[in-house]
Structures are given as C-alpha cells and as structure tokens.
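Keep in mind that what you see is a predicted model, and the values were worked out from it rather than measured. Order of the sequence lines fixes the chain letters, A, B, ..., with proteins taken first and strands second; residue numbering starts at 1 for each chain.
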Protein chains: 2
Amino acid sequence: MKQNDTTPGSGGFCHAEQACPGCGNTCKMLRDAGLRPTRQRMALADLLFGKGDRHISAELLFDEASQAGAPVSLATIYNTLHQFTRAGLLKAISIDSSKTYFDTNTGDHHHFYLEDTEEVVDMPENGISIANLPSPPEGMEIASVDVVVRVRRAR
Amino acid sequence: MKQNDTTPGSGGFCHAEQACPGCGNTCKMLRDAGLRPTRQRMALADLLFGKGDRHISAELLFDEASQAGAPVSLATIYNTLHQFTRAGLLKAISIDSSKTYFDTNTGDHHHFYLEDTEEVVDMPENGISIANLPSPPEGMEIASVDVVVRVRRAR
DNA sequence: TTACGTGCAAATAATTTGCAGTCCC
DNA sequence: GGGACTGCAAATTATTTGCACGTAA
C-alpha cells in the first residue's frame, strides 16, 4: 500500500502542483502532459520513471505493476504507454519485430540490443557519430536516425 | 551430392546445374542453399530476386504470387521466407514493429524508412559512415550494426 | 518409395477496441 | 454531474503449428 499518509482531503488523491509525498513530481509531470493523474497512471509512471532509464515492454510493465501491488489491466497498460508516448514522456522503439519496447529516455541516443536476452541497453550518449548521411529521397526530410548495434555473447 | 548428373527428363521439372528454361539460375541457387527446388520455392524466388533489391512483407509476397498465377499458401510463404533467410538468401529486418520485412540484399547496408508509406528503401552503399562506436558491454561481441533513417514527406 | 514440402485450418502472441461501470475535477 | 479513464472481453493482425496429402529425388 501507500507508505505515506498525507490526507488527500479534497477528494482527489493528488494535489496539483505541490509535490505530495508518494507522488513526488509524478503528479505534476502528468498534469503538464495534459493527462489526468489517475491512480493507474501514477503507479505506472512511478514504475517507469522511478529508477533511471528503462526499456520495457507492455507485458513486462504489466507484471511489474501486478507485483507492485497496483494491478492495472493490460489494456490500460497499452493505452497508458501510448498516451505517454504521445505526450513525449516515452519513446517507442522497434528492435525486435514481435514486441514493442518503450524507452524512458526520450533524448537522442542509440541502443545495444542483446540478442541472447532480448534486452535493450542505452548506448553511451557521446559514443557514436555518424557521417556522410546520404540525403533522403527527394521531397523527404529526416525524422530521426536510429542505430541499433546487435551484440551477442562472445564465444 | 551429385553435381554433374544433369540428365533432363529424369522426373523432376528442374535439372540441377544447367539453366533450364523457366528456371534460369534460380534452380541452382536453391540447390546450393540446400533447398529442394519445388514449384512454390521457384516461383517465390523468381518474384523475390527477379527484379533487383526488394523489401517485402509476407503478405505482399502472397499477393504478388497470387497475381502472378502461382498461388502459394500464406503458411508456405512464411516457411519459405524463413528458409531463405536461414539459407542466407534473404535478410529479415524489423523496422516497423508490426510487420517483418525481408530484404533481398544480404550485403551490409542500411535503410531509409518512409513513414508515410511504410516503405523500406536501401541507402546508397557508400554513403554512411559510423565512427566512435562504443565498445559493447563486456563479454559481448558485435553481431551487426543496423541504421534506419526515418524520413517523411517534407511539408 | 520415402522423406521433404505444401495447404488448410486451428492455435498463438501482441495489441486494439467496444462498451459499461468508475473516478477525477 | 459529466466527461475522462478503466477493465474486461471480444476483435484484429501477424505469424506459427499440426497434420493429412502431394511431390521431388
């Protein structure tokens, strides 16, 4: 359950701008994104942004939420992940064709993909540099450049 | 394996090494890959490799085969695409998370992804260059480096 | 002949959607 | 109170699999 008890008072469990214990700034983050800070969204946001940069699939987040004592339906997980993505809080990455991963690091960066474990890992920000990028087909503009370095256990 | 017994008329419709009309070298390609040159595989190979480098999805190949007068079941399309991939004739690319595309260009190269049309286009071979690639996590070796430049219609 | 291939339909897996009930503002 | 949000289950989409039959070697 919630380890903080800060008298929600006025009906809502979260009080706008001020950082209510347990909400931290999650509440504000959601409001700023134009999303109502509901119980589910708060719980998911805390899981997603509570421990540094993460790369997570819907299914995995579902399991985490369940185990964290905040069961959220899978449909809501998907909805929320997409809402967060639309709001710019997350970035969707498609590395493995079967699952979609969501990245809490929305900055410009690239990834290592561990083939053995199907894990996605951020590449050090300053590492890679790309040159001689061919100009895109005519009439097109570059939306983004995604680099994925697939790695496997060295034998 | 027998390499020189190419007596036409011995039962199969395709006769090993020599270019039988209608087979071209497709036949040999399949044999070399360790795959029996069946009617379906020949038809699909012709569609795949008959017109330069392509990026195609199973569904699309299915439609093409049907229209080409060589209907092949969707299951066989999938099986065949994976067999070809395993044999090194194709390369699977996951750019869009929903569909898997198969690339007839198995060389080292990168792609443009046209977001508007969901099309995959090869990037000129000589264009891009990547530097300062961070070393992979310890105990790991690089399997491949995939670069996808997403482009959209310039407004 | 005989093992490998193929087609079909049912089975999965990941994700989306319709809708009735719930909750935030 | 009212519209935004959720949960559930059914619907979709992409792909895989089991199994009887067909076909290349």
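With sequence neighbours excluded, no residue forms a side-chain contact (heavy atoms from CB on, under 4.5 Å) with B:Ser135. In terms of the ring pair (Phe, Tyr, Trp, His ring centres under 6.0 Å) criterion, residue partners of A:His111 (sequence neighbours excluded) are, by chain and number, A:His55, A:His109. Residues passing the side-chain contact (heavy atoms from CB on, under 4.5 Å) test with B:Asp146 are A:Arg150, B:Ser144, sequence neighbours excluded. For A:Ala33, the side-chain contact (heavy atoms from CB on, under 4.5 Å) criterion is met by A:Leu35, A:Ala87, A:Leu89, not counting sequence neighbours. For A:Glu141, the salt bridge (charged side-chain N to carboxylate O under 4.0 Å, His left out) test picks out B:Arg152, B:Arg155, with sequence neighbours left out.
Whole-Å rounding puts the B:Tyr101 OH to D:dT15 C1' distance at 15 Å. For the pair A:Arg86 CZ and D:dA4 P, the interatomic distance rounds to 14 Å; values are reported in whole Å. Rounded to an integer number of Å, the gap from B:Met42 CE to D:dA25 C1' is 15 Å. Separating the CZ atom of A:Phe62 from the C1' atom of C:dT15 is a distance of 14 Å, rounded to the nearest angstrom. Whole-Å rounding puts the B:Asp63 CG to D:dA14 C1' distance at 14 Å. For the pair B:Leu60 CG and D:dA14 P, the interatomic distance rounds to 12 Å; values are reported in whole Å. Atoms CG (B:Leu30) and P (D:dA25) sit 10 Å apart, rounded to a whole Å. When the P atom of D:dT15 is taken as reference, atom CG of B:Leu81 falls 10 Å away, rounded to whole Å.
Pairs engaging residues 81-93 of chain A under the side-chain hydrogen bond (donor to acceptor under 3.5 Å, both in side chains) rule: A:Arg41-A:Gln83 [sequence neighbours left out]. Evaluation of the side-chain hydrogen bond (donor to acceptor under 3.5 Å, both in side chains) test over residues 62-78 of chain B, restricted to residues two or more places apart or in two chains, returns B:Arg54-B:Glu64, B:Ser73-B:Thr76.
Counting heavy atoms from C-beta on, the side chains of B:Thr106 and B:Asp103 never come closer than 4.5 Å.
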For nucleotides 4-14 of chain C, read 5' to 3', which letter fits each nucleotide if B means a protein heavy atom sits under 4.0 Å from the base, S means only the sugar-phosphate is that close, and - means neither? BSSBBB----S

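Between the axis at the start and the axis at the end of the helix from C:dT1-D:dA25 to C:dC25-D:dG1 there is an angle of 30°, using five pairs per end and rounding to 10 degrees.
Ion pair B:Lys99/B:Glu118 flagged as a salt bridge, since at least one NZ, NE, NH1 or NH2 atom sits closer than 4.0 Å to an Asp/Glu carboxylate oxygen.
Close to C:dT15, at under 4.0 Å from its OP1 or OP2, lies no side-chain N or O of A:His82.
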